[in-house]
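Positions are given from 1 along the sequence.
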Amino acid sequence: MEYSTTEFETLYIQCFPLSMRMAMSLLHEEDEARDVVQEVFLKLWESNIRVENPMAFLIRAVRNACLNRINALDIRDKIHQRIMLDSPAEDFDINGRNDEIGSAIQKLLTPREREVVDRIYTEGLSYKDAAENLDVSVASINKNIVSALKKLRGHFKTVKS
């Protein structure tokens with residue numbers, strides 16, 4: 001290690017508050033921000049380098065880690081936020097629409113596609129977790145999702161017209 005334990009503790013005490021503020025300003029969630037900052041400090045500790053300007057390095061690393069975390073957010077969260085911003089029409093029947101979607105899934109998709117859609121969209125698993133759960137490759141999960149969504153989009157596009 002390039003940093004002694006005491007040097008690193010001092011660096012941590014000096015840089016942690018500013019790093020947390022940076023992470024909070026980007027993530028708006030204390031637990032997420034704390035995780036990112038801890039990961040950055042851990043990577044610095046585990047690396048065998050001494051940085052010339054540790055404060056600048058840590059702020060940049062925390063910022064980049066936060067942006068990576070934001071980019072990795074599940075698409076369902078982004079869709080949910082968009083739906084929350086667009087208030088539905090007063091006469092919109094959400095239960096009826098859910099029934100239509102469920103029926104289309106049962107009617108149009110293969111059993112494997114239904115299983116993958118269920119893991120990804122109902123259980124909220126990542127592609128990697130779904131692949132491990134179903135004992136298939138991530139590429140297979142992706143292929144099934146693409147196929148399923150293509151079928152469903154085509155169905156609802158023709159129903160809408």
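- By the neighbour-count criterion of 12 heavy atoms within 6.0 Å, atom NZ of Lys143 is sparsely surrounded, having that number or fewer from other residues, nucleotides or ligands.
- Other residues, nucleotides and ligands contribute at most 12 non-hydrogen atoms within 6.0 Å of the CD atom of Glu52.
- The line from CD1 of Ile59 to CG of Leu18 is 3.5 Å long, rounded to the nearest 0.5 Å.
- Formation of a donor-acceptor pair under 3.5 Å by the Ser103 side chain with backbone atoms of Asp99 is not found in this model.
- When all heavy atoms of Leu58 and Cys15 are compared, the closest pair comes out as CD1-CB, 3.6 Å.
- Here CD1 of Ile105 is found 9.5 Å from CZ of Arg114. Values are rounded to the nearest 0.5 Å.
- Considering only heavy atoms from C-beta on, Arg34 comes within 4.5 Å of Phe16 through its side chain.
- For the pair Leu152 and Glu113, the minimum side-chain heavy-atom distance is 4.5 Å or more.
- Between the CD atom in Glu39 and the CG atom in Leu44 there is a gap of 14.0 Å [rounded to 0.5 Å].
- The closest donor-acceptor contact from the side chain of Thr122 to the backbone of Arg119 lies at 3.5 Å or more, if one exists at all.
- Side chains of Leu11 and Trp45 form no contact here, defined as non-hydrogen atoms less than 4.5 Å apart.
- Atom CD of Glu115 sits about 12.0 Å away from atom CG of Leu109, to the nearest 0.5 Å.
- Hydrophobic clustering of Ile, Leu, Val, Met, Phe, Trp and Tyr side chains at less than 4.5 Å, counting indirect connections, unites Ile49 with Val62.
- Across every non-hydrogen atom of Gln14 and Met55, the tightest pair is O-CE, 3.9 Å.
- How far CD of Glu100 is from NZ of Lys107: 10.0 Å, rounded to the nearest 0.5 Å.
- Within a 6.0 Å radius of CG in Asp135, no more than 12 heavy atoms belonging to other residues, nucleotides or ligands are found.
- Residues Val136 and Arg112 are in side-chain contact: their nearest non-hydrogen atoms beyond the backbone lie under 4.5 Å apart.
- Taking each heavy atom of Ile145 and Tyr127 in turn, the nearest pair found is CG2-OH, 3.3 Å.
- Atom CD1 of residue Ile141 and atom CD of residue Glu132 lie 10.5 Å apart, to the nearest 0.5 angstrom.
- Residues Ala148 and Val117 approach most closely at CB-CG2, 3.7 Å, considering heavy atoms.
- Clustering ILVMFWY residues whenever any of their side-chain heavy atoms sit less than 4.5 angstrom apart, transitively, puts Leu42 in a cluster other than the one holding Met20.
- Looking at heavy atoms from C-beta onward, Asp129 lies out of side-chain contact with Asn133 at the 4.5 angstrom threshold.
- Of all heavy-atom pairs between Ala23 and Ala33, the closest is CB-CB, 3.5 Å.
- Heavy atoms from other residues, nucleotides or ligands lying under 6.0 Å from CD of Gln38 number more than 12.
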*Run the salt bridge (charged side-chain N to carboxylate O under 4.0 Å, His left out) check on Arg69 and Glu29 step by step: do they pass?*
CA-CA 12 Å; Arg69 179 125 350 164; Glu29 192 173 307; over 6 Å; no
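- Within the structure, salt bridge (Lys or Arg N to Asp or Glu O under 4.0 Å) contacts touching residues 7-19 (residues at least two apart or in different chains) are Glu7-Arg50.
- Closest approach of Val116 to Asn144, counting heavy atoms only: CG2-CB, 3.9 Å.
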